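The structure under discussion appears below in the form of structure tokens.
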Amino acid sequence: MPEFEQHISGSPTGRSLDNQGVARVFADIATLLKLKGESVFKIRAYTRAAEVFEHLPGQVALLAQDEDQLKEIPGIGDAIASKTHELVTTGKMEYFEKLRGEFAPGLLDLMTVPEVGPKTALRASEDLGVESIEDLEAAIRDGSFATLPRVGVKKAQSILNHLEARFSQADRMPIGKALPIAEQVISALYQAAAEVRRLTIAGSVRRWRDTAGDIDILGVADDPESVTAAFTALPMVVDILGQGGTKASVIVTGGAQVDLRVSDERHFGALLLYFSGSKQHGISLRARAQKIGLSLNEYGLTDKGSGELTSYDTEAGVYRALNLPYIPPEIREDLGEIVAAESGNLPDLVELSQICGDLHVHSDWSDGRVPMEQMVREAALRGLEYVAMTDHSSGRGIANGLSVERLAAHNEEVLEVEQAAGGIRVFKGTEVDIRADGTLDYTDEVLAELDIVIASVHSGMSQESDVMTARIIKAIENPHVTAIGHLTTRFVLDRPPVEADFDAIFRAAASNGTLMEINASPKRMDLKDSHIRQARELGVRFLINTDAHNPDNLDQLRYGVGSARRGWAERKEVLNTLPVAEFERFLDTPKPERASFITEQVVTG
DNA sequence: GCCGTTTTCGGCCCGACTGTTTTCAGTCG
């Protein structure tokens, strides 16, 4: 696990307390309370708080300066508001420190192992002195672990398998790995099980989360058992974790876990809803069902008075029975979508089919793989109306960045390629480096020759927050910069985001009419969902770009659209949903007036 | 610990599978 994701331990000397850090503390408290055998409802409250903080648009550290503001968030009451305030102002929380002191330090780690819950972890610690993952492995290997109550040889072996899997791969995988695996498994299972009528992705992959712990697939068949049997027999399956009549779990080549659940057509709507999550969204829906005398499970809605079950073959049917419109999977995170649905204020989320152009594309002029002409042809094949060729600037020596002279030649070639392609509009562009001091690699005179300027940070990523903030805002204020590319420079599960005051950055972007790129590369997915939501609430507008370096990358737009939808972005907020003529009108608008052009688009859009 | 068109007290989401049992606890999603 990368360093930035480890426990922050509330240390004032460590990284500043970001939302992840605060969330981590509350999640750890919930785990410690489980070890203590506390009320499940109290545990749930802390778990809920952790999830709320993790996904909060805006900074918890700022919001928590004022406890009353915190308490306005559903799920945050007196006790948690006060503890959060203490944590963000002092860097420590007495309650957490005290709780943590009551248990062996390694217990939290132990419980991250599948099939090791609070009871097992505590037993192992008290009876066998197991206090770390390494101790656990040793206790399993010497046979002592299997002697614990309700543990046996099989369970011990199964846990050992999990440990070995963990040593060879990370806990979660990026969606860029999970989604293609899901699609391969579905395709193979259609071939292998003739009787299966439908197969659908569920879980966090369906919600387009940037990472997935496992891959959930749902099926419809009259004889579920034969489908689960075919599933466990697929050639890519390397290990079977469990197999019953209606569900099975396997490990496939590459180490990913895939869960399959099969039902009949009648119950499919409730089942898909149930297994698409999120967990919190499901809990809120079930609580809502309770209020009107119904009980919701994966088979449908049961009238608590008569005991009668109503089944639904679509998710929309279940929502309708709960007096709600259909809520798209991407926003099912219990972050206000149910309230928005109730009041008829669900966002009209942007769709992949609405994207008309890609404004961040590389060729072999810099670090792309193929000639410009081929990239443009491939973009046209995918139905795009326009594309911008944005090869790197000279500062990216390693990426074969363009000198001013080569950029001029690059501009010439854009015109030729556009003529030859016939039909697709090709914009002259650059992905210009934002240097450490906030200046750009090209002068304003050079930039003025271009249609599209994507300004990105590629170096000096560990700058202090205030330095980085000033650096990026300086680029935002440049009159020629169309958009800021991959703002945080993070790689999913692989490189932490830069530290910066995103609130200030988004405000500057909105007032300057500078767009924010939603970089669709599954490696980046940057902006991420919560930043998109924060930005749009501050009036920022977006581009969804692939940052393609080869033709295949052009197909990755869907990851960017998935992120945008998770961030509640609407079509009118994404400028490259504009048809080419409208988009050119946007480009013809000078920067100071772009902010109002955008607002006009919103009003009339 | 949170919360209130049945409640400021008494509720709070639900089922499958496994391995250990001899009817069910533990874990997961």
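No experiment lies behind these values; they were computed from the predicted model shown.
- Taking atom C1' in both dG29(B) and dC13(B), the straight-line distance is 12 Å, to the nearest Å.
- For the 3.5 Å distance criterion, the side chains of Glu131(A) and Ser125(A) fail to qualify, holding no donor opposite an acceptor.
- Residue contacts for Ser295(A): at a heavy-atom cut-off of 4.0 Å it reaches the sugar-phosphate backbone alone, with no base atom in range.
- Checking the phosphate oxygens (OP1, OP2) of dC14(B), a side-chain nitrogen or oxygen of Gln290(A) falls inside 4.0 Å.
- Rounded to whole Å, the separation between the P atoms of dG1(B) and dT5(B) comes to 23 Å.
- Taking every side-chain heavy atom of Glu298(A) into account, dG15(B) is the closest of dG15(B), dC17(B), dG29(B).
- Regarding Leu148(A), its CG atom lies at a distance of 12 Å from the P atom of dG26(B), rounded to whole Å.
- Note on Ser158(A): nothing from the nucleic acid sits closer than 4.0 angstrom, heavy atoms only.
- Residue Phe41(A) has its side chain nearest to dC13(B) when only dC13(B), dT27(B), dG29(B) are considered.
- Rounded to whole Å, the distance from CZ on Arg48(A) to P on dC3(B) is 7 Å.
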Would you list the atom pairs, donor with acceptor, under 3.5 Å between side chains in residues 143-156 of chain A and any protein atom, with sequence neighbours excluded?
from      : atom 1 : to        : atom 2 : distance (Å)
Ser144(A) : OG     : Ala139(A) : O      : 3.3
Ser144(A) : OG     : Asp142(A) : OD1    : 2.7
Thr147(A) : OG1    : Ser144(A) : O      : 2.6

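- In this structure, Asn19(A) contributes its side chain and Val60(A) its backbone to a donor-acceptor pair below 3.5 Å.
- Separating the CG atom of Leu122(A) from the P atom of dG26(B) is a distance of 12 Å, rounded to the nearest angstrom.
- Within 4.0 Å (heavy atoms only), Gly245(A) reaches sugar-phosphate atoms of the nucleic acid but no base atom.
- Between Ala341(A) and Ile327(A), the shortest heavy-atom contact is CB-CD1, 3.8 Å.
- Remark: the Arg44(A) side chain and the dC12(B) base include no donor-acceptor N/O pair separated by less than 3.5 Å.
- Nucleic acid contact for Pro149(A): none, since no nucleic acid atom lies under 4.0 Å from a heavy atom of the residue.
- Between Gly117(A) and Val151(A), the residue whose closest nucleotide on DNA chain B is further toward the 5' end is Val151(A).
- Here dG29(B) is the nucleotide among dG29(B), dG1(B), dT27(B) with the atom lying nearest to any side-chain atom of Asp259(A).
- Nucleic acid contact for Leu285(A): none, since no nucleic acid atom lies under 4.0 Å from a heavy atom of the residue.
- For Arg150(A), whose side chain is taken as the heavy atoms from C-beta onward, the closest listed nucleotide among dC24(B), dC2(B), dG15(B) is dC24(B).
- Nucleotides dT8(B) and dC3(B), compared at atom P, are 16 Å apart to the nearest Å.
- Under the 6.0 Å distance and 45° angle rule, Arg332(A) counts as a cation-pi partner of Tyr326(A).
- At the heavy-atom level, Val40(A) lies nowhere under 4.0 Å from the strands shown.
- dC12(B) sits 15 Å from dT6(B) when the C1' atoms are compared, rounded to a whole Å.
- In this structure, Leu322(A) and Arg288(A) approach most closely via the heavy-atom pair O-NE, 3.0 Å.
- For Tyr299(A) against dG15(B), no side-chain N or O and base N or O form a donor-acceptor pair under 3.5 Å.
- We find that CZ of Arg123(A) is positioned 11 Å from P of dT27(B), with the value rounded to whole Å.
- The backbone N or O of Phe502(A) sits nowhere less than 3.5 Å from a side-chain atom of Gln534(A) that would complete a donor-acceptor pair.
- Other residues, nucleotides and ligands contribute over 12 non-hydrogen atoms within 6.0 Å of the CD atom of Gln65(A).
- Nucleotides dG11(B) and dC17(B) place their P atoms 32 Å apart, quoted to the nearest Å.
- Thr246(A) comes within 4.0 angstrom of the backbone, heavy atoms only, and of no base.
- The interatomic distance linking Leu33(A) (CG) with dC2(B) (P) rounds to 12 Å, in whole Å.
- The local environment of CZ in Arg123(A) is sparse, with at most 12 non-hydrogen atoms from other residues, nucleotides or ligands closer than 6.0 Å.
- Across every strand in view, dT8(B) sits unpaired, with no contact that passes the Watson-Crick or G-U test at under 3.5 angstrom.
- Residue-level contact check: Tyr274(A) touches the bases, meaning some heavy atom is under 4.0 Å from a base atom.
- Applying a 4.0 Å cut-off to non-hydrogen atoms, none of the residues of residues 332-343 of chain A approaches DNA chain B.
- Atom CZ of Arg207(A) and atom P of dG29(B) are 13 Å apart (whole Å).
- A side-chain hydrogen bond (donor to acceptor under 3.5 Å, both in side chains) with Arg207(A) is found for one member of Glu330(A), Glu333(A), His281(A) and no other, namely Glu333(A).
- Considering only side-chain N and O atoms, Lys154(A) lies under 4.0 angstrom from the phosphate OP1 or OP2 of dG19(B).
- When the nearest nucleotides of DNA chain B are assigned to Ile73(A) and Val116(A) by heavy-atom distance, the more 5′-ward of the two goes with Ile73(A).
- Residue contacts for Ile43(A): at a heavy-atom cut-off of 4.0 Å it reaches no nucleic acid atom on any strand shown.
- Rounded to an integer number of Å, the gap from CG of Asp216(A) to P of dC28(B) is 15 Å.
- Within 4.0 Å (heavy atoms only), Val52(A) reaches no atom of the nucleic acid at all.
- Straight-line distance from the NZ atom of Lys119(A) to the C1' atom of dC24(B): 14 Å, rounded to whole Å.
- Atom P of dA25(B) sits at a distance of 16 Å from the matching atom of dT20(B), rounded to the whole Å.
- Comparing the same atom, P, in dT21(B) and in dA16(B) gives a spacing of 24 Å after rounding to whole Å.
- Between dG10(B) and dG15(B), the distance separating the two P atoms is 26 Å to the nearest Å.
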